[in-house]
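Here the structure is laid out as structure tokens; the discussion comes afterwards.
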Amino acid sequence: MTIGAFAKASRLSPKALRLYDELELLRPARVDPHTGYRYYTAEQLERARLVAWLRRLGMPLARIREVVALEPADAAREIRAYWARVEAETAVRRDLASFLVNQLTQAPRKDTTMLELRYAAHSDRGLVRPENQDTAYAGGRLLAVADGFGPAGAPASGAAVEALRFLDTPDAPAGNVLNLLEDAVRGATQAVRDIADGGNDVGTTLTALLWTGSRLALVHIGDSRAYLLRDGGLFRITEDHTVVQSLIDEGRLTPEEAVSHPQRSMLLKALTGDGPAAPDLRLHDARPGDRYLLCSDGLSTVVPEDRLRSLLTTTPGAPDETVHALVAEANTAGGPDNVTCVVADVVQTTTA
């Protein structure tokens, strides 16, 4: 088939076909040595159409080259994983667009009712680990939990949280909180990289919430978690960046099987000395009565979610009691890991 006929059959332009040839993505079956004219076979149409479809998805050419070289089942998994990332990134942009629209269109509030956080944090070594590599922070604007790993895990988690602490000030602007958090995480990544000193066996998770006065901006990387207790229901608002979670997302593993999976603690993303990793970023509208829980996996892997919900609902208005009750529950269940949690209540106040 001539390049013109092949372009028409594959719905790819001749210009695109020439580009894909140069990138070794779709090589012609034969090139005329005198004219340089490209010829293709009908058997190449299936690959060409797959390339066209993947381009319509917005997949980068480098990624397409990897996908089309795979067996169909493996290619399907890669496409599913790519689209999951696209949807997650789209959700972040959608939340940001909604936030900006609301900021620009809502009328100034005329009442004197305000929302604020009441909070507490507690961290414990647990009953098995020789040291505590977790770090927690709770302030009027910033809530954070980090779970370090490797020989310098404790300094890594501490450095990551410390890199965010400058945000815990009333002077921090509220209009671009996602950008603020993204910049702060870059600083946290550099701080961890300095501690790792070129090694990739040191790192930390990081899950944090930044309070704007009416919303909470979330940044998350790793398998520490954030939960929201609202109207009696407990909702997990983060997704674990782990091997088993990716297998669950792909339908290759059930949540029940994940509990005992040998790779259940293997992270796909974290702050390490091995280079930057993109965190999840999104905004959450706050309501009076909301209760937020941030915790390391030393709590979430040993205390079932129904029990977490029960403990979070039995001490309303007392975050300090709640964090101690949660840590005690994890230790009662064996305390196999460091356990750290932050609890924050959204409460309504009235100014004079």
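All values below come from the heavy atoms of this structure, side chains included, with hydrogens, waters and symmetry mates left out. None of the values given here were measured: they were computed from a predicted structure.
- A salt bridge links Asp345 with Arg291: the closest approach of a Lys/Arg side-chain nitrogen to an acidic carboxylate oxygen falls below 4.0 angstrom.
- Heavy-atom minimum distance, Leu229 versus Arg309: CD1-CG, 3.9 Å.
- For the residue pair Leu115 and Trp211, the shortest heavy atom distance occurs at O-CZ2, 3.6 Å.
- Counting heavy atoms from C-beta on, the side chains of Leu218 and Leu283 never come closer than 4.5 Å.
- Put simply, the side chain of Ser296 gets close to the backbone of Thr340: a donor and an acceptor are under 3.5 Å apart.
- Summarising the local packing, CZ of Arg236 is surrounded by more than 12 heavy atoms from other residues, nucleotides or ligands at distances under 6.0 Å.
- The residues Asp21 and Arg27 are annotated as salt-bridged, a charged nitrogen and a carboxylate oxygen being separated by less than 4.0 angstrom.
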ask   = Yes or no on side chain to side chain contact (heavy atoms under 4.5 Å, CB included) for Arg230 and Arg287, after CA distance, side-chain angles and deciding distance?
value = CA-CA 8 Å; Arg230 173 177 286 175; Arg287 298 181 189 172; 3.5 Å; yes
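- Counting only residues at least two apart or in different chains, ring pair (Phe, Tyr, Trp, His ring centres under 6.0 Å) contacts with residues 17-45 comprise Phe6-Tyr40, Tyr37-Tyr39.
- Judged by distance alone, with hydrogens and angles left aside, the side-chain atoms of Arg65 form no donor-acceptor pair with the main-chain N or O of Leu25 at under 3.5 Å.
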query = Stepwise, does the side chain to side chain donor-acceptor pair (under 3.5 Å) test hold for His122 with Asp320?
reply = CA-CA 8 Å; His122 186 42; Asp320 188 62; over 6 Å; no
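- Minimum heavy-atom separation, Val185 to Leu164: N-CD1, 4.5 Å.
- No donor-acceptor pair closer than 3.5 Å links the side chain of His241 to the backbone N or O of Lys269.
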ask   = Hey, mind stepping through Ser123 and Asn132 against side chain to side chain donor-acceptor pair (under 3.5 Å) and telling me if it holds?
value = CA-CA 8 Å; Ser123 183; Asn132 190 353; 2.8 Å; yes
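- Remark: side-chain polar atoms of Asp32 are paired, donor with acceptor, to backbone N or O of Thr35 under 3.5 angstrom.
- By the neighbour-count criterion of 12 heavy atoms within 6.0 Å, atom CZ of Arg80 is densely surrounded, having more than that number from other residues, nucleotides or ligands.
- Remark: side-chain polar atoms of Thr205 are paired, donor with acceptor, to backbone N or O of Asp147 under 3.5 angstrom.
- In terms of the side-chain contact (heavy atoms from CB on, under 4.5 Å) criterion, residue partners of Val86 (sequence neighbours excluded) are, by chain and number, Tyr82, Trp83, Thr90.
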request  = Could you give me the CA-CA distance, side-chain angles and deciding distance for Thr204 and Ser157, then say whether side chain to side chain donor-acceptor pair (under 3.5 Å) is met?
outcome  = CA-CA 5 Å; Thr204 184; Ser157 69; 4.9 Å; no
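- Looking only at distances, a side-chain donor or acceptor of Asp168 sits under 3.5 Å from a matching main-chain atom of Arg141.
- Counting only heavy atoms from C-beta outward, the side chains of Ile237 and Arg225 never approach each other to under 4.5 Å.
- Heavy-atom minimum distance, Leu142 versus Ala208: CD1-CB, 4.3 Å.
- For Gln44 (side chain) and Thr41 (main-chain N/O), a donor-acceptor pair under 3.5 Å exists by modelled atom type.
- Minimum interatomic distance between Arg47 and Val68 (heavy atoms only, all atoms of both residues): NH2-CG2, 3.3 Å.
- Nearest heavy atoms, Ala226 versus Leu294: CB-CD1, 4.1 Å.
- Side-chain contact between Leu268 and Val243 is present, with heavy atoms from C-beta onward closer than 4.5 Å.
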Only distances under 3.5 Å count here; give the side-chain donor-acceptor pairs of residues 328-338 to other protein atoms, sequence neighbours excluded, each with its distance to 0.1 Å.
unit_1	atom_1	unit_2	atom_2	d
Glu329	OE1	Arg307	NH2	3.4
Glu329	OE2	Arg307	NE	3.0
Asn331	ND2	Asp124	OD2	3.1
Thr332	OG1	Ala328	O	2.8
Asp337	OD1	Arg129	NH1	3.3
Asn338	OD1	Gln133	N	2.9
Asn338	ND2	Arg125	O	2.8
Asn338	ND2	Glu131	O	2.9

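- Around CD of Gln190, the count of heavy atoms belonging to other residues, nucleotides or ligands within 6.0 Å exceeds 12.
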